[in-house]
Amino acid sequence: MIRVLLVHDTSLLRTALAELIGREPDLEVYSAPWRRAPAAVRTVRPRVCVVDMDSPDAGGPGGLRELSAGRDAGGAMPALLALASAERPGPLRRAYEERALGYLSKNASPDRLAEGIRHVAQGERYIDESLGYGFLEASEIPLTRRELSVLSLAAEGASVGEIARSLHLSNGTVRNYMSAITRKTGARNRVDAIRISRVAGWV
């Protein structure tokens, strides 16, 4: 039996998807929103974490790094299977830098998801071919992982202080990151940097 933790912030979709793939005889499925996911990993001890990469929480505290630091019932770290979109290379880049083992398009069928879970549970890499172009674009993003995390929170409307508290940084450090982001994106200011990054699919 493969124990799976599905991490998704939309309750209706999370519940429906967990129920759907939970019908597979070899999959035992649990679910949690991103903010509760680290605690769920410690409680459930899954072999595989299926994670929705479109949430800004994926790059913050309690995000991918903390999930992959958990341990399953056998003492091994859970494998990460990222649900992503080719049109948004930023989340793909974030998943790759946190060493996700599997990558599946959010347009894939439930059968493909179950297949991906089984592959990564065996330690095998699983990549949806439809994400190929997204990976190419992800490799050209000029921002670092931390800059992408700051930018994702800023794009959600978080203030400098809120970003600092969320990422455990000082306000000055967040401002320095925003300055670097503005420079690297060729933007005029923070708002313009967010606009450029949204158009490019980085956040």
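Source: prediction; values computed, not measured.
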**OP:** Assess whether side-chain contact (heavy atoms from CB on, under 4.5 Å) is satisfied between E115 and Y126, documenting all intermediate values.
**Re:** CA-CA 9 Å; E115 178 182 288; Y126 187 87; 2.7 Å; yes
Subject >> Full working for side-chain contact (heavy atoms from CB on, under 4.5 Å) between R146 and T173 >> reply: CA-CA 11 Å; R146 181 60 93 180; T173 299; over 6 Å; no
**OP:** Give the intermediate values and the outcome of side chain to side chain donor-acceptor pair (under 3.5 Å) for residues S130 and D128.
**Re:** CA-CA 5 Å; S130 69; D128 192 324; 2.9 Å; yes
Original post:
Checking side-chain contact (heavy atoms from CB on, under 4.5 Å) for the pair R14/T10: CA distance, chi angles, key distance, verdict?
Top reply: CA-CA 6 Å; R14 182 177 71 242; T10 305; 6.0 Å; no
**OP:** Start with the C-alpha gap between L80 and M53, add the side-chain angles, then the distance that decides, and say whether side-chain contact (heavy atoms from CB on, under 4.5 Å) holds.
**Re:** CA-CA 11 Å; L80 298 178; M53 291 305 302; over 6 Å; no
Original post:
Is there a side chain to side chain donor-acceptor pair (under 3.5 Å) between Y30 and E28 once you walk through the steps?
Top reply: CA-CA 7 Å; Y30 301 81; E28 182 181 2; 2.5 Å; yes
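The residues R93 and E97 are annotated as salt-bridged, a charged nitrogen and a carboxylate oxygen being separated by less than 4.0 angstrom. The pair D52-K106 counts as a salt bridge, with a side-chain nitrogen and a carboxylate oxygen less than 4.0 angstrom apart.
Taking 4.5 Å as the limit, some side-chain heavy atom of V50 sits within range of a side-chain heavy atom of L83. Looking at heavy atoms from C-beta onward, H119 lies out of side-chain contact with L81 at the 4.5 angstrom threshold. Proximity of Y177 to L169: side-chain heavy atoms (C-beta onward) are separated by under 4.5 Å at one or more points. Side-chain contact between V51 and W34: present, with at least one pair of heavy atoms (C-beta onward) separated by less than 4.5 Å. With contacts defined as side-chain heavy-atom distances shorter than 4.5 Å, the pair V150/L167 qualifies. For the pair R88/R198, no side-chain contact is recorded, criterion being any heavy-atom separation below 4.5 Å from C-beta on. Counting heavy atoms from C-beta outward, I141 and E147 have side chains that stay 4.5 Å or more apart. Counting only heavy atoms from C-beta outward, the side chains of V41 and C49 approach each other to under 4.5 Å.
Screening residues 82-104 for ring pair (Phe, Tyr, Trp, His ring centres under 6.0 Å) gives Y103-F135 as the qualifying pairs, with residues at least two apart or on separate chains.
Judged by distance alone, the side chain of S166 and the main-chain N or O of E162 form no donor-acceptor pair under 3.5 Å. Distance alone, capped at 3.5 Å, is enough to place a donor-acceptor pair between the S139 side chain and the L136 backbone. When atom types are taken as modelled, the side chain of T185 and the backbone of T182 share a donor-acceptor pair closer than 3.5 angstrom. Formation of a donor-acceptor pair under 3.5 Å by the R3 side chain with backbone atoms of V44 is found in this model. Between the S105 side chain and the N107 main chain, a donor and an acceptor come within less than 3.5 Å of each other. R47 contributes no side-chain N or O that, together with a main-chain N or O of I2, makes up a donor-acceptor pair within less than 3.5 Å.
Here the closest non-hydrogen pair linking L148 and G90 is CD1-O, 4.4 Å. Contact between A37 and L5 at its shortest, heavy atoms only, is O-CD2, 4.1 Å. Nearest heavy-atom pair, A187 versus A193, reported as atom, atom and distance to 0.1 Å: CB-N, 3.4 Å. Of all heavy-atom pairs between M178 and A154, the closest is SD-CB, 4.3 Å. Scanning all heavy atoms of the two residues, the minimum distance from V4 to P46 falls at C-CB, 4.2 Å. The two atoms that bring V160 and R175 nearest to each other are CG1-CG, 4.1 Å, heavy atoms only.
In the hydrophobic clustering of ILVMFWY residues, with side-chain heavy atoms under 4.5 Å counting as a link, V174 and I194 come out together. Both I21 and V48 sit in one connected hydrophobic cluster of ILVMFWY residues. Membership requires side-chain heavy atoms under 4.5 Å apart, directly or through other members. Hydrophobic clustering (side-chain heavy atoms under 4.5 Å, transitive across Ile, Leu, Val, Met, Phe, Trp, Tyr) groups L101 together with L113. Note on L131: it does not cluster hydrophobically with I117, by side-chain heavy-atom contacts below 4.5 Å among ILVMFWY residues.
Atom CG of L143 and atom OG of S149 lie 10.5 Å apart (nearest 0.5 Å). The CD1 atom of I181 sits 9.0 Å away from atom CZ of R190, with the distance rounded to the nearest 0.5 Å. Rounding to the nearest 0.5 angstrom, the gap separating the CZ atom in R94 from the CH2 atom in W202 is 13.0 Å. To the nearest 0.5 Å, the span separating CG on L20 from CG on L13 amounts to 12.0 Å. Atom CG of L104 and atom OG of S109 lie 8.0 Å apart (nearest 0.5 Å).
Surrounding CD of E124 are more than 12 heavy atoms belonging to other residues, nucleotides or ligands, all under 6.0 Å away. The number of heavy-atom neighbours closer than 6.0 Å to CZ of R36, taken from other residues, nucleotides and ligands shown, is 12 or below.
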